[in-house]
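Following: one structure in C-alpha cells, then a few remarks.
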Amino acid sequence: MFSGIDEVDWASMEHAYGPADDVPGLLRGLASEDPAEREAALDGMYGAVHHQGDVYACTLACIPFLFELAVDPEVQDRGSVVELLTSIGGFDLDEDDEAEIDEDEIEGAANYAMAAAAVTAGAGVFFELIADEDPGVRLAAPLALATLHRHPVRVLTLLRERLPVEPDEEVRLALVEAAGRVALRHRPLAGRVAEWLGRLASRSHSPGLRLAALAQLARCSPDGLPGDVVPVVSGLLREMRSPPEGDAAEGDGTDGDGTDPDRDPDAEPVDPDAEPVDAEPVAAAEACRGEQVATPTLVGQLRSLSAQESAGRGTPWAADLLRTLHVGLDDRVGDRTALLADQLRSPDRRQRIDAVRMSGGLIRAWRGPYEELVALVGDQLSDPEPRLAEAASHVLEELFGLAAPAADALAARLADRPGDWVKSWASGPPGLGSTVKALARLGDARVVPALAAALELPQVAHDVGFAVGHLGAAAQPLAGALRRRLAEVELDEGAYDRASPLLAGLTGLRAGEATPEVLRVLRGAPQYRGEWLRTAALRALGSFGPEAREAVPELRALVSRPGTASATEAAEALWAISGDADAVLPALIEGLQSHQVHERRAAAVALGSLGPRAAVVAPRLRGLLAHEELWLRVDAAIALWEVSGRSQETVEALLAGWERSRHVRVRVAECVARMGPVPEGSAAARVLRSELASVRRHNAMDGGYGSHDIHEDEKLLALCRQALRGTGKGTTA
C-alpha cells in the first residue's frame with residue numbers, strides 16, 4: 001500500500017494551513033490499527049486537506065491513495081474513506097458557476113473539475129464495495145455510486161438488486177436514498193425511480209424502509225406522494241415505536257421465493273464486464289462498523305454528539321428521514337403542520353424533540369396558521385426531559401407574537417424555574433434565558449419579576465434592555481432599577497458593555513426622568529467604544545422627547561460641530577426634544593454630504609423626521625436616488641417624501657429597491673403604509689399583494705437564519721395589509 005507516496009513532492013504543495021508535507025502521515029494514519037490515530041487522521045484530512053470542501057493540489061494527489069485504502073479489507077473505518085472520496089469528487093460546477101468565475105478562482109475551479117474527473121474515473125470500485133463485509137463500507141458505497149458514477153442506469157439497477165439481499169436496515173435505507181440522489185442528478189430517470197419508490201412505500205416492507213421511500217419520493221417526485229401522506233407517515237411512525245411481534249424477519253423485500261417483486265423488467269442490465277455482486281447476505285446487521293473512540297478532534301466531537309443524540313433510539317435514522325420528507329414536502333405547509341402536530345403528540349420523547357426542532361425550521365421558512373402547532377410546542381415545556389423543554393423554549397423565543405398560544409405554558413415554566421431566568425457563560429456577559437425572552441417578546445407582563453431580578457445581579461444581562469423595549473409600558477416598574485444601575489456604571493473601558501443594556505431599556509420606556517443619569521454617561525464616555533456609548537445615550541435622550549429639556553445645552557454644543565457622527569445624532573435628539581429645526585438643519589445637511597454611507601443614511605432619516613420644515617433639502621435627497629448604495633437610496637427616497645409630500649418619484653424608487661433586495665422590504669413597506677391608501681391596480685398594490693400571496697417568508701435562507709427573521713417577516717405582512725387597507729396618513733397616488 002502507498003506505493004510511490006514518498007515520491008510525491010508534498011512539500012511543494014499547500015493545504016488550508018500551510019505546507020502539505022504532513023499529508024503522507026495523515027494518509028498512513030487512516031490505515032492505522034489505533035482508532036484514535038485513525039480519527040485524528042480523518043480530522044486532519046477534513047480540516048486541512050479538504051478544508052470546508054476545498055480542493056487543493058495535495059487533495060488531488062491524495063485520491064489514488066484514498067482509493068487504495070477504500071478497497072483494502074485490512075483497513076478499518078473504510079466507510080469514512082469512501083465518504084471522503086465522495087465529498088472530494090462530488091462537487092458540481094454548473095454553467096452558471098462557470099460564468100461567474102473570476103481570474104482568482106480559476107485554479108480552484110480547475111481543481112474541483114480534476115477531482116471530480118479523477119474520483120469518477122475510479123468510481124467502478126464502489127460496485128464491489130456495495131457488497132463488502134464491512135457494513136460501514138456498504139453504508140457509504142450507495143451514495144458514492146449515485147454521486148460519482150457515469151452510468152446512472154447501471155447504478156440504479158444495482159441499487160434495486162442489492163436491496164432484497166441486504167441484511168442491515170440502515171444500509172437498506174442508504175440504498176433507497178441513493179436512488180433518490182440518482183433521480184435528482186439525472187432527471188430523465190426520475191419517473192422510473194419514482195415508480196419504484198412508490199411500490200416500496202406501498203408494499204409490506206419494514207416501516208423504516210417505507211418511510212425512506214416516501215422521503216425520497218418527496219425529494220425527487222413530490223407529485224407521486226399519496227394523497228393521505230400524513231396519516232400514512234403517522235402510521236409508520238407508530239409502527240416504528242412498537243416492538244416487532246415474534247422473531248420473524250419483516251419486509252425483506254422478496255415474495256417469499258427469493259425474488260424481488262419490485263424488479264424492473266425493463267431495467268438496463270448490469271455491465272457484463274463488471275465484477276459480479278454477491279447476492280448472499282454479507283454480514284449480520286449488528287456487525288461492527290469500526291471501533292469508535294472519544295477524541296478531541298472535530299470529527300470525534302461530531303461523532304460523540306451524534307452518538308448522544310442516537311443513544312436509546314431504536315431507529316436513530318428516523319429523524320433524518322423525517323427531515324428529508326419535510327424538505328421534499330416544501331411549501332405544503334398544511335401537510336407538514338399536520339405531520340408535526342402528530343409527532344408532537346407522540347409518547348416518544350425523542351420523536352417530540354425532533355418535531356420541536358423541525359417545527360422551528362418550518363415556521364422560520366414558511367408562512368401559515370401555526371396556532372395549534374405552537375400550542376403543542378408549548379406543551380413540551382412541562383416535560384421533565386430537559387432537552388425537550390429546552391428545545392421548545394428556544395423555538396418559542398424566535399416566534400415573538402406567534403408564540404401567543406404558548407404564553408401560559410411559558411409563564412408556568414418561568415415561575416417553576418427561576419434558576420433559568422439568566423444564563424451565565426464561560427466567557428462574555430450573562431444573557432436572559434429563552435423563556436424570559438419569549439415572554440418579553442410577547443409583551444407579557446408576567447415576565448417583569450424575572451427582569452427585575454436580572455437587574456439586581458452583579459452583572460446585568462446584555463439583552464435585558466431589548467426585553468424591556470418589547471414590554472413597553474408594562475415594564476414601567478423597572479425604570480427605577482434601570483436608573484440606579486446606570487448611575488452606578490463606572491465610566492471606564494468597560495462602560496459600554498455595562499451601560500448599553502440599561503440605556504436600551506430606558507430608551508424603550510421613554511423614561512425622561514432618567515435624563516440626569518444619561519447625561520452623565522454622555523459627558524463621561526471613555527475613549528474605548530466611546531462613540532458607541534454616546535450614540536446609545538443620544539438615542540435615549542431623543543426617545544425621552546420634551547422631558548429631556550435639561551439636555552438641550554449639551555446637545556446644542558454637539559450640534560455646533562457639524563460633520564461628525566455625534567453631530568447628526570445630537571441633531572436628531574435635539575429636534576425630538578426642542579423642535580428647533582433651524583438649530584439642527586445645518587448639521588443634518590452637513591451629514592448628508594459625509595463620505596461615510598452610514599452617516600449619510602442617518603442624516604437622511606433625521607431630515608425626514610423634520611417633515612416639511614426640511615423641504616430645502618429635497619433637491620439633495622433627490623440626487624441620492626441614483627446612489628450606488630441601495631440602503632441610502634431607500635432612506636433618501638423615504639426622506640424625500642416626508643419633506644416634500646410628493647409620492648410618485650418616491651414610490652418608484654422604493655419599488656425598485658423592493659425588487660432589488662428582499663432585505664429592504666420592511667423599511668419600504670413602513671413608508672408605503674404611512675402613505676396609504678395604495679390605489680387598487682397600482683404597481684405598489686400589485687407588489688404588496690404578491691408578497692401577501694407568497695407562502696415563503698421573504699427573508700428565509702437556505703442554510704442559515706437570524707433570531708428576528710420570523711418577527712421581521714410577520715411585521716412585513718402586517719405592513720402590507722395596512723397599506724392595502726389605506727390606514728396611512730397620505731396617499732401614493
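What's counted below: heavy atoms across the whole structure, side chains too, no hydrogens, waters or symmetry copies. Position 1 is the first residue of the sequence; numbering continues from there.
- Of the possible polar contacts, none joining the His186 side chain to the Val182 backbone as a donor-acceptor pair under 3.5 Å is found.
- Note that the OG atom of Ser206 and the CG atom of Leu173 stand 7.0 Å from one another [nearest 0.5 Å].
- Between the CD atom in Glu166 and the CZ atom in Arg172 there is a gap of 8.0 Å [rounded to 0.5 Å].
- In this structure, the side chains of Leu410 and Arg413 stay at 4.5 Å or more apart for every pair of heavy atoms.
- To the nearest 0.5 Å, the span separating CG on Leu373 from CG on Leu362 amounts to 7.0 Å.
- Heavy-atom minimum distance, Thr86 versus Ala144: OG1-CB, 3.2 Å.
- In this structure, Arg367 contributes its side chain and Ser694 its backbone to a donor-acceptor pair below 3.5 Å.
- Donor-acceptor pairing under 3.5 Å is lacking for the side chains of Gln343 and Arg352.
- For the pair Ser346 and Leu237, the minimum side-chain heavy-atom distance is 4.5 Å or more.
- The two atoms that bring Ala41 and Leu30 nearest to each other are CB-N, 3.6 Å, heavy atoms only.
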### Task
Check the pair Asp354, Leu322 against side chain to side chain contact (heavy atoms under 4.5 Å, CB included), reporting the backbone distance first and the verdict last.
CA-CA 9 Å; Asp354 296 333; Leu322 287 168; 5.7 Å; no

### Query
What's the verdict on side chain to side chain donor-acceptor pair (under 3.5 Å) for His50 and Ser87, showing C-alpha distance, side-chain angles and the deciding distance?
CA-CA 9 Å; His50 189 42; Ser87 180; 2.7 Å; yes

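- Here the OG1 atom belonging to Thr59 is positioned 7.0 Å from the CE atom belonging to Met45, to the nearest 0.5 angstrom.
- Side chain of His149 to backbone of His151: a donor-acceptor contact under 3.5 angstrom is found.
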#### Entry: Full working for salt bridge (charged side-chain N to carboxylate O under 4.0 Å, His left out) between Arg696 and Asp702
CA-CA 12 Å; Arg696 181 82 167 172; Asp702 292 328; 3.2 Å; yes

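- No donor-acceptor contact under 3.5 angstrom links the side chains of His698 and Arg662, judged on distance only.
- Nearest heavy-atom pair across Leu376 and Gln380 is O-NE2, 2.8 Å.
- The closest side-chain donor-acceptor pair between Tyr705 and Asn699, if any, does not fall under 3.5 angstrom.
- Aromatic ring pairs are classed by plane angle as parallel below 30°, tilted from 30° to 60° and perpendicular above 60°; the pair His711 and His708 is perpendicular.
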### Task
Quick one: do Arg181 and Thr147 satisfy side chain to side chain donor-acceptor pair (under 3.5 Å)? Show the steps, please.
CA-CA 7 Å; Arg181 173 66 67 91; Thr147 304; 2.9 Å; yes

### Query
Does the side chain to side chain contact (heavy atoms under 4.5 Å, CB included) test come out yes or no for Phe126 and Val155, once each step is laid out?
CA-CA 10 Å; Phe126 301 132; Val155 171; over 6 Å; no

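- Judged purely by atom type and a 3.5 angstrom limit, Ser202 uses its side chain to pair as donor or acceptor with the backbone of Arg199.
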Side-chain atoms of residues 217-231: list all donor-acceptor pairs with protein atoms under 3.5 Å, sequence neighbours left out, distances to 0.1 Å.
| unit_1 | atom_1 | unit_2 | atom_2 | d |
| --- | --- | --- | --- | --- |
| Arg219 | NH1 | Gln216 | OE1 | 3.0 |

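- Put simply, the side chain of Val374 reaches to within 4.5 Å of the side chain of Ile363, judged on heavy atoms.
- Side-chain contact between Glu714 and Leu399 is absent, with no heavy atoms from C-beta onward closer than 4.5 Å.
- At a threshold of 4.5 Å between non-hydrogen side-chain atoms, the residues Leu200 and Arg210 do not count as touching.
- Side-chain contact between Val71 and Glu128 is absent, with no heavy-atom pair separated by less than 4.5 Å.
- No side-chain heavy atom of Leu42 sits under 4.5 Å from any side-chain heavy atom of Val81.
- The CG atom of Asp77 sits 4.0 Å away from atom CZ of Arg38, with the distance rounded to the nearest 0.5 Å.
- Annotation: Arg417, atom CZ; neighbour count of heavy atoms from other residues, nucleotides and ligands within 6.0 Å does not exceed 12.
- In this structure, Arg697 forms no cation-pi arrangement with Trp366, as its terminal cationic atom is not both closer than 6.0 Å to the ring centre and no more than 45° off the ring axis.
- Residues Ile130 and Arg138 fail the side-chain proximity criterion, which asks for heavy atoms closer than 4.5 Å.
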### Task
Would you check, one step at a time, whether the test side chain to side chain donor-acceptor pair (under 3.5 Å) holds for His394 with Ser434?
CA-CA 6 Å; His394 279 297; Ser434 295; 2.9 Å; yes

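- A donor-acceptor pair is defined here as one N or O able to donate and one able to accept, closer than 3.5 Å; such a pair exists between the side chain of Asp709 and the backbone of Gly706.
- Here the CG atom belonging to Leu163 is positioned 6.0 Å from the CG atom belonging to Leu175, to the nearest 0.5 angstrom.
- Of all heavy-atom pairs spanning Leu442 and Ala404, the tightest one is CD2-N, 3.5 Å.
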### Query
Which is it for Asp331 and Arg336 under the salt bridge (charged side-chain N to carboxylate O under 4.0 Å, His left out) test, yes or no, and what are the steps along the way?
CA-CA 9 Å; Asp331 61 354; Arg336 295 177 67 180; over 6 Å; no

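- Contact detail for Ala178 and Ala146: the closest heavy-atom pair is O-CB, 3.3 Å.
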